[in-house]
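Beneath this line is the structure, given in structure tokens, with notes to follow.
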Amino acid sequence: MGVKIRVDRKEIDLGFDHIERLLIAAPNWIGDAVLVFPAVASVAKGFPRARIDVLARGETADLFLGQESVSAVRRVERSDLRGIGLLRTARALRDEKYQAAILFPNSFRSALLARLARIPVRIGYGRNFRRLLLSKAVSRGPTGRRAHQSEYYLDLLRAAGISVEMSVPVLRLSKDEVDRARSRIAENGLNASNLIGLAPGAAYGRAKKWGSDRFAEAAARLAGEFGAGVVVFGAERERGDGEAIRRRLPGVLNLAGRTTVREFMALVSLCRVLLTNDSGAMHAAAAVGVPVVAVFGPTDPGETSPLGEGHAIVREPVDCAPCFRRECPTDHRCMTRIPVERVIEAAERLLSKEGQEEAAEVRG
């Protein structure tokens, strides 16, 4: 196993057998970071003797905590990747003597950081004017279709000569984290064993949002049918969406803007189902084993659907979708034409399936 790199205009084959310290630069968005997990697992399998560290920005770093394939997580902030901070971070990485870096972000800065850190093998897509900074610049060739984002990351490894294997992302939680989540739910007067989660936000833009009023209506119907409590999740910027839902459904617990990533993971793991837009919350929930009902509009589920089985995608096939716009220039028909009833029916199927599986387990 090895990778071909260019040195002094000549292509040479560099074996991987000698690599004992390897750095993975993770994507910057929560959803993308979850979808890189199959690639991280493939790297760990391909380098069983190597120490594998993950460099990740902000709370994205918390996703990798507790993962068996990751030796250490190096958390950086925006300030650590600019100006003097970039030089300081590069110096710290240089001291670690990494022999290879796999760069999943396509940013120029991530490649510059690896180069300044003097990491000999630097693998990444040759985009954004960074080819000269990489020892192996991979071209994204035509595929005839838009691949799932997880395959996009695996393709980078394939092109570098690393064997890959698709797997379902699994986010690890400790018992203490789950116990604290249960206590928090109980303190707010809800039953931690019977919860429906809502994630009405979307970082990409308003075009991806189905609407807080629709989420509230769906949650009210499901809560009444299954006797469940309702919890709203989201970032601080989505707190208003949660409040709008709480006004329509007073018993709702609005935790938008009130959890860390790890707390969200533990809390959402208690939910029987999560109703969500195409978002990072969708991917994180799926990765802790929660069935999701995901409403897709301007984005393509072929690219960013949750990995694994037991999830439902709800979308309306309109001519202008997927357009991938942050703001809809017309009437937002890809979302407004999706009735509440369709989302409720999808959730009912998942909840009924869950009940059947539990009954079968008891009988077994």
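Values reported hereafter were calculated over all heavy atoms of this structure, with side chains retained and with hydrogens, waters and symmetry mates removed.
You'll find the side chain of Thr89 reaches within 4.5 Å of the side chain of Val76, heavy atoms only. For the pair Ser305/Ile313, a side-chain contact is recorded, criterion being any heavy-atom separation below 4.5 Å from C-beta on. Val273 is not listed as a side-chain neighbour of Val292, based on a closest heavy-atom distance of 4.5 Å or more. Considering only heavy atoms from C-beta on, Ser150 stays 4.5 Å or farther from Val36 through its side chain. Counting heavy atoms from C-beta outward, Ile24 and Ile52 have side chains that approach closer than 4.5 Å. Counting heavy atoms from C-beta on, the side chains of Val168 and Glu309 never come closer than 4.5 Å. The shortest distance between side-chain heavy atoms of Pro298 and Cys323 falls below 4.5 Å. Under the 4.5 Å side-chain criterion, counting only non-hydrogen atoms from C-beta, Lys209 is not in contact with Pro200.
Although no hydrogens or angles enter the test, the distance criterion places a donor-acceptor pair under 3.5 Å between the side chain of Ser135 and the main chain of Arg122. Judged by distance alone, with hydrogens and angles left aside, the side-chain atoms of Arg75 form no donor-acceptor pair with the main-chain N or O of Arg57 at under 3.5 Å. Checked by atom type and distance alone, the side chain of Asn277 never pairs as donor or acceptor with a backbone atom of Ser279 at under 3.5 Å. Between the side chain of Gln99 and the backbone N or O of His18, at least one donor-acceptor pair lies under 3.5 Å. Of the possible polar contacts, one joining the Asn128 side chain to the Asn106 backbone as a donor-acceptor pair under 3.5 Å is found. Put simply, the side chain of Ser71 never gets that close to the backbone of Arg51: no donor and acceptor are under 3.5 Å apart. In terms of modelled atom types and a separation under 3.5 Å, the side chain of Gln67 and the main chain of Val170 share a donor-acceptor contact. Within the 3.5 Å criterion, the main-chain N or O of Glu20 finds no donor-acceptor partner in the side chain of Arg49. In this structure, the side chain of Asp80 engages the main chain of Glu77 through a donor-acceptor pair within 3.5 Å. A donor-acceptor pair is defined here as one N or O able to donate and one able to accept, closer than 3.5 Å; no such pair exists between the side chain of Trp210 and the backbone of Gly201.
A distance of 13.0 Å separates CD1 of Ile30 from CE of Met282, quoted to the nearest 0.5 Å. Leu198 CG to Thr276 OG1: the interatomic distance, rounded to the nearest 0.5 Å, is 9.0 Å. With rounding to the nearest 0.5 Å, the separation of CD1 in Ile185 from CG in Asn191 is 10.0 Å. Distance CD/Gln149 to CG/Leu154: 10.5 Å, rounded to 0.5 Å. Atom CG of Leu35 is separated from atom CD of Glu151 by 11.0 Å, given to the nearest 0.5 angstrom. We find the CG-CG distance between Leu23 and Leu55 to be 5.5 Å, quoted to the nearest 0.5 Å.
Considering every non-hydrogen atom in both Thr60 and Ala33, the closest pair reads CG2-CB, 3.3 Å. Residues Pro38 and Pro169 approach most closely at CD-CG, 4.0 Å, considering heavy atoms. Residue Leu275 comes nearest to Ala218 through the heavy atom pair CD1-CB, 4.0 Å, listed as atom of the first residue, atom of the second, then distance. Here the closest heavy-atom approach between residue Arg262 and residue Leu63 is recorded as NH1-O, 4.2 Å. When all heavy atoms of Ala223 and Ile196 are compared, the pair lying nearest together is N-CD1, 4.0 Å. Considering all non-hydrogen atoms of both residues, Val54 and Ala26 come closest at CG1-CB, 4.0 Å.
The side chain to side chain contact (heavy atoms under 4.5 Å, CB included) with Leu255 is formed by just one residue from the set Glu263, Arg239, Arg184; it is Arg184.
There is a path of hydrophobic side-chain contacts, each under 4.5 Å, that joins Val231 to Leu171. Under the 4.5 Å side-chain heavy-atom criterion for Ile, Leu, Val, Met, Phe, Trp and Tyr, Phe47 and Ile119 are members of distinct hydrophobic clusters. A continuous path of ILVMFWY side-chain contacts below 4.5 Å connects Val268 to Leu173, so both sit in one hydrophobic cluster. Neither Ile162 nor Leu134 shares a network with the other; the hydrophobic side chains, linked directly or stepwise wherever heavy atoms of I, L, V, M, F, W or Y lie under 4.5 Å apart, form separate groups for each. Put simply, Leu113 and Val138 are part of two different groups of oily side chains (I, L, V, M, F, W, Y) that touch within less than 4.5 Å, one to the next.
Other residues, nucleotides and ligands place more than 12 heavy atoms under 6.0 Å from the CZ atom of Arg21. Within 6.0 Å of CD in Glu327 there are more than 12 heavy atoms belonging to other residues, nucleotides or ligands. Shown here is Asp319, whose CG atom has no more than 12 heavy atoms of other residues, nucleotides or ligands within 6.0 Å. Other residues, nucleotides and ligands contribute at most 12 non-hydrogen atoms within 6.0 Å of the CZ atom of Arg118.
Ionic pairing of Lys45 and Glu165 is present here: one or more N-O contacts between side-chain nitrogen and carboxylate oxygen are shorter than 4.0 angstrom. A salt bridge is absent between Glu236 and Arg258; no separation between the charged side-chain nitrogens and carboxylate oxygens falls under 4.0 Å. Under 4.0 Å is where a charged nitrogen must lie from a carboxylate oxygen, and between Arg248 and Glu217 no such pair does. Between Asp278 and Lys208 there is a salt bridge, since a side-chain N of the basic residue sits under 4.0 Å from a carboxylate O of the acidic one. Between Asp179 and Lys175 a salt bridge is recorded (basic side-chain N to carboxylate O distance below 4.0 Å). In this structure, Glu341 pairs ionically with Arg221, as a charged nitrogen and a carboxylate oxygen lie closer than 4.0 Å.
Between Asp241 and Ser212, the side chains place no donor N or O within less than 3.5 Å of an acceptor N or O (distance only, hydrogens not considered). Using modelled atom types and a 3.5 Å distance limit, the side chains of Ser269 and Arg182 yield no donor-acceptor pair.
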Report the C-alpha distance between Lys136 and Val121 in whole Å, list the side-chain angles of each, state the deciding distance to 0.1 Å, and finish with yes or no for side chain to side chain contact (heavy atoms under 4.5 Å, CB included).
CA-CA 7 Å; Lys136 176 64 176 180; Val121 179; 5.8 Å; no

Under the side chain to side chain donor-acceptor pair (under 3.5 Å) criterion, do Ser42 and Arg158 qualify, and how do the steps go?
CA-CA 10 Å; Ser42 293; Arg158 290 187 181 103; over 6 Å; no

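Note: Tyr152 and Tyr125 have parallel aromatic rings, judged against thresholds of 30 and 60 degrees for the angle between ring planes.
Residues passing the side-chain contact (heavy atoms from CB on, under 4.5 Å) test with Glu348 are Leu222, Glu225, Phe226, Ile344, Glu345, sequence neighbours excluded. For Ser183, the side-chain contact (heavy atoms from CB on, under 4.5 Å) partners two or more places apart in sequence, or in a different chain, are Glu187. Listed by chain and residue number, Ala207, Cys328, Cys334, Met335, Thr336 satisfy the side-chain contact (heavy atoms from CB on, under 4.5 Å) test with His332 (two or more places apart in sequence, or in another chain). Taking the ring-ring contact (aromatic ring centres under 6.0 Å, His included) definition, one finds that Phe104 meets it with Tyr153, sequence neighbours left out.
Judged as a ring pair (Phe, Tyr, Trp, His ring centres under 6.0 Å), the pairs with a partner in residues 231-278 (not counting sequence neighbours) are, in order, Phe233-Phe264. Every pair tested for ring pair (Phe, Tyr, Trp, His ring centres under 6.0 Å) that includes a residue from residues 272-292 fails, sequence neighbours excluded, so the list is empty.
In this structure, Arg130 fails the cation-pi test against Phe108, since its NZ or CZ atom is not both closer than 6.0 Å to the six-membered ring centre and inside 45 degrees of the ring normal.
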